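Single-structure report; data block below.
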Amino acid sequence: MEQIKDKVVVITGASSGIGEATARKLAQEGAKLVLGARRTEKLEALVSEIIGNGGDACYQKTDVTNKENVQSLIDLAIEKYGRIDVLYNNAGLMPLSPLRDLKVDEWERMIDVNIKGVLYGIAAALPIMRRQKSGHIINTDSVAGFAVNPGGWAVYSGTKFAVRAIAEGLRLEESPYSGIRVTDISPGAVQTELPTTITDPELKKQVEEKEKFNGIKPDAIANAVAYAISQPSDVSINEVIIRPTAQRN
Ligand SMILES: NC(=O)c1ccc[n+]([C@@H]2O[C@H](COP(=O)([O-])OP(=O)(O)OC[C@H]3O[C@@H](n4cnc5c(N)ncnc54)[C@H](OP(=O)(O)O)[C@@H]3O)[C@@H](O)[C@H]2O)c1
């Protein structure tokens, strides 16, 4: 994976699950990593591990619902490494519930993290990537961004449909002119901490069991991110859908 070595990669939601696994994978391939999330103790441990293994990484406390925080994470990449090759907008949460339960605060939270967090990332990185005439914006979408499941998935799906629309708009606007690549990675069930954000006890149990018994490891998604980044600059991987083999939809 020659193309990954020395690339400066910013990852949001790097403190657990898919973001953490991707940080490890890209560090092994020689990327320089700038990691963001709210749980700094987890980021600190991950950065120490990466540096201990001969890699290059730093972190900053980042809440993606705060645009100054996101700007500051991108600024850190520029201060430390002078450029930004990849922004991986991965932070997300999934407090599923049926619409009739009116958990409006949770709807707002999903919109703030899953949609606005991605937009803040784009806002911070795009001017730099346009100046560089190169860059790569990757988002963690979901199979829920392609189809809506009944039973509590409406708003989460809505956020992931939105991310897909934004990614496609970004690709159409930028890729032919500024050389910026855009990739939307859409996982099915993956074994991560994601179900912990569900407050409906029945639904939480259901999703936890589905992920525990049928979910794939986050490394599978990390490998897909590495695959997208490792392509030559004239090759843009736009969509990757990765399900457990046994998952239907
Ligand atoms: N697991 C699956 O089955 C699955 C399937 C499809 C898509 N996805 C998507 O994959 C992405 C990563 O989730 P995961 O499965 O790896 O779950 P996870 O283990 O719960 O990781 C979520 C990450 O997002 C971060 N995060 C949450 N709110 C944040 C905020 N306000 N600001 C900054 N970071 C925030 C968390 O860090 P802190 O709590 O430390 O801030 C954590 O690092 C999400 O976008 C999710 O929608 C997951």
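Bear in mind that the values here come from a model prediction, so they are computed numbers and not experimental data. Heads up: numbering here begins at 1 and tracks the sequence. Both ligands and their constituent atoms are indexed starting at 1 by order of listing.
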Is [X] close to ligand 1, meaning an N/O of one under 3.5 Å from an N/O of the other?
X	result
A37	no
V113	no
V190	yes
T65	no

With side chain to side chain donor-acceptor pair (under 3.5 Å) as the test, would you mind laying out the steps for T183 and R171 before giving the verdict? CA-CA 9 Å; T183 303; R171 182 186 75 78; over 6 Å; no
Examine the proximity of ligand 1 to [X] and report which part, side chain or backbone, both or neither, has a heavy atom under 4.0 Å away.
X	value
N90	both
A14	backbone
E211	side chain
D141	backbone
E20	neither

Keeping the roles fixed (side chain from [X], backbone from [Y]), state whether a donor-acceptor pair exists under 3.5 Å.
X	Y	answer
N114	L93	yes
S175	I180	yes
D184	A167	no
S236	N238	no

Minimum-distance protein heavy atom relative to [atom]:
atom	value
atom 34 (N) of ligand 1	A91 CB, 3.5 Å
atom 21 (O) of ligand 1	S16 OG, 3.2 Å
atom 36 (C) of ligand 1	S15 OG, 3.8 Å
atom 6 (C) of ligand 1	P187 O, 3.3 Å
atom 16 (O) of ligand 1	I18 N, 2.8 Å
atom 47 (O) of ligand 1	Y156 OH, 2.6 Å
atom 22 (C) of ligand 1	G92 O, 3.7 Å
atom 32 (N) of ligand 1	V64 N, 2.9 Å

Quick one about [Y] and [X] (side-chain donor to acceptor, distance below 3.5 Å, no hydrogens or angles considered), yes or no?
X	Y	answer
N66	Y120	no
T140	N90	yes
T199	K103	yes
D63	N69	no
T40	E44	no

Can you sort out which atoms of ligand 1 are near [X], meaning under 4.0 Å from one of its heavy atoms?
X	answer
A189	3 (O)
T62	32 (N), 33 (C)
K160	45 (O), 46 (C), 47 (O)

contact_flag D63 ligand 1 heavy-atom lt 4.0 Å: yes
From I50 atom CD1 to K32 atom NZ, the distance as rounded to the nearest 0.5 Å: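 Answer rounded to 0.5 Å: 13.0 Å.
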Got a second to check how far L96's CG is from K204's NZ, nearest 0.5 Å? 12.0 Å
Filtering G17, P195, G188 for the heavy atom nearest atom 5 (C) of ligand 1 leaves G188
Have a look at I138 and tell me which of T22, V225, V240 forms a side chain to side chain contact (heavy atoms under 4.5 Å, CB included) with it. V225
